Amino acid sequence: MGRDGNKSCFACCFSTPTTSSSSSSSSSSAIKLLFFIVPLILVSFIVFVLVPRNSTWALIYSLPPSTSAVAAAANSSEKLGASVYAESSQQVLDLPSRVVKTVDVGGSSGEATLSDSDEVAVNRSASPQLSAVEAVTKFQELNETKEYSSLNTSITDSDNLNITINGTPNNATTSSNETIALPLKHNRQVRTKLDKVEAGLQRARSAIREAKNGSQLRDPDYVPVGPMYWDAKAFHRSYLEMEKQFKVFVYKEGEPPVFHDGPCKSIYSMEGNFIYKLDVDTKFQTKDPQKAHVFYLPFSVAKMVRFVYSRDSRDFSPIRRTVVDYINLVAQKYPYWNRSHGADHFMLACHDWGPEASFSLPYLEKNSIRALCNANTSERFNPVKDVSIPEINLITDKLTGLMGGPSASRRQILAFFAGGVHGPIRPVLLEHWEDKDEDIKVHKYLPRGVNYYDMMRNSKYCICPSGYEVASPRIVEALYNGCVPVLISKSYVAPFSDVLRWKSFSVTVSVDDIPKLKEILMNISTRQYIRMQRRVLQVRRHFEFNSPPKRYDVFHMILHSVWLRRLNVRITDDHGAVAN
């Protein structure tokens, strides 16, 4: 009977008590066991209901605001090499710390310290707990909404400007199976507007480097692609970065016609048109010099030759004095020339004497960015620092009638040139080819009734020899008319050659090979010529003059070339200019 009484401890509670002594003993033991089990079941039920079951992504330990707790948090952050601090009015706030540990599926973890306010921001919502990726995203958004004085932007190395923004690159992706750490360490905050400008340039440099191995970016107007570019992806990203942040300060000092003016309808038309377009531009020009990446010296060498230079005297010193006086004026009024010794300043000249004018001041020649049509390395043109720009002979302010031409298969003339005899190269060309061959049309003067542009449009190749100076408007004229340019020059740096791969859409012939000109051109296969001609049609957009300017046209390509040179220089308040 005792065996039957112990069948179930729970049955004893509900069965009718008996008078048997063995039953009484068994019932007493069951009651004691019941008092032990019932509380245990209740506690388990409460824990099951109140403790969240999906909290394995993050465990937040709240440390009491005591000295030992702060020390514990400091020790944990030292192990990871990361710390978070808040600064206000040059003071570090002593806030209680929180340790955030994030755990991935595999069990690995990463830690970082958070301030009280940051932890509240992450956990203040009463909504269901966030995933690890969402938590980091919200934390980054919090940082991004802080004012500039508390931005988590740091310069970890003043020599190489290793900029980090919010601890994570913009293009970083995070996997839910990876440990989520918050790399928020920074050494010092951005202090001046110049620091902010340089930080933006550093981000642009990084974006351009990353673009080389990235996917092709989309663009509603034009996507650079093809062998005409040294690196189409890098150029495209650089151009977009320029549009996003590049700012130019134009000095307002000086009066027309020498300053803020220039020829707009001549062989030197780029001087006047660039000055005018930039003076009225609202996208790239800034009124605040502290936000500027570069400073433009708005003088026209062509106008100096006309209004300052005396042709009878042949004395160049008045032009030199004009340049020196102007730079002294802006250097005394503004701190920017002396800050960089002119390294973030640029001039633009299409007159043959542009290089000579830049020699007026040593810093202007050696440090400043010189945008020149006469890009002659034998006259101290430096492709690393200076910019080669195209020489465009504009008759009006529009390109009407200057562009066009039939397809490659319908061009009957092998090569064409017509022009005056000046300089050392053209006499050699005329000596060997003037009226010597039906396929090579070379003329000093065109026969009556023959149109210059019609000849270009019906020619496969257009010969572009240098004159007294290396630049020639025939290069742009050839591109406008769909004619493959043949460059014959010495020491000439072709326009925008930092971006454009000229050998993919032009032919270069040395002066010594002028007698072999026909042989060289005939050895180019029809298939290769058609490819080159198609590339000419694609690349000529970069040489088109538009009023108002259009994206990727000659105005913007000049600005982009200046932008690239500025990326190669770092300016500091105390160390001047440093080449990258």
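Source: prediction; values computed, not measured.
- R380 forms a cation-pi arrangement with F359, by the criterion of a distance under 6.0 Å to the ring centre and an angle within 45° of the ring axis.
- Remark: K291 NZ is loosely packed, at most 12 non-hydrogen atoms of other residues, nucleotides or ligands lying under 6.0 Å away.
- Taking the ring centroids of Y363 and W337, they lie at or beyond the 6.0 Å cut-off.
- Residue-environment remark: NZ (K518) exceeds the threshold of 12 foreign heavy atoms within 6.0 Å.
- Nearest heavy-atom pair, D221 versus D219, reported as atom, atom and distance to 0.1 Å: N-OD1, 3.0 Å.
- The aromatic ring centroids of Y461 and Y529 lie less than 6.0 Å from each other.
- In this structure, Y552 and Y239 have parallel ring planes: the angle between them is below the 30° cut-off, well short of the 60° mark.
- If you look at Y334 and H345, their ring centroids are not closer than 6.0 Å.
- When ring centroids are compared, H560 and F496 stay outside the 6.0 Å threshold.
- Ring geometry for F555 versus F274: interplanar angle of 30 to 60°, hence tilted.
- Considering all non-hydrogen atoms of both residues, F543 and P495 come closest at CE2-CB, 3.9 Å.
- Contact check on E544 versus R541 returns no salt bridge, with no Lys/Arg side-chain nitrogen under 4.0 Å from an Asp/Glu carboxylate oxygen.
- Within a 6.0 Å sphere centred on NZ of K436, heavy atoms belonging to other residues, nucleotides or ligands number more than 12.
- R566 forms no cation-pi arrangement with F246, by the criterion of a distance under 6.0 Å to the ring centre and an angle within 45° of the ring axis.
- The aromatic rings of F316 and Y309 sit tilted, their planes meeting at an angle between 30° and 60°.
- Aromatic pair F417/W433: ring centres not closer than 6.0 Å.
- Taking each heavy atom of C350 and Y268 in turn, the nearest pair found is O-CD2, 3.4 Å.
- Ring orientation note: the planes of W502 and F505 are tilted relative to one another, at an angle of 30° to 60°.
- If you run side-chain contact (heavy atoms from CB on, under 4.5 Å) between K247 and each of K287, H293, Q290, K283, only H293 comes through.
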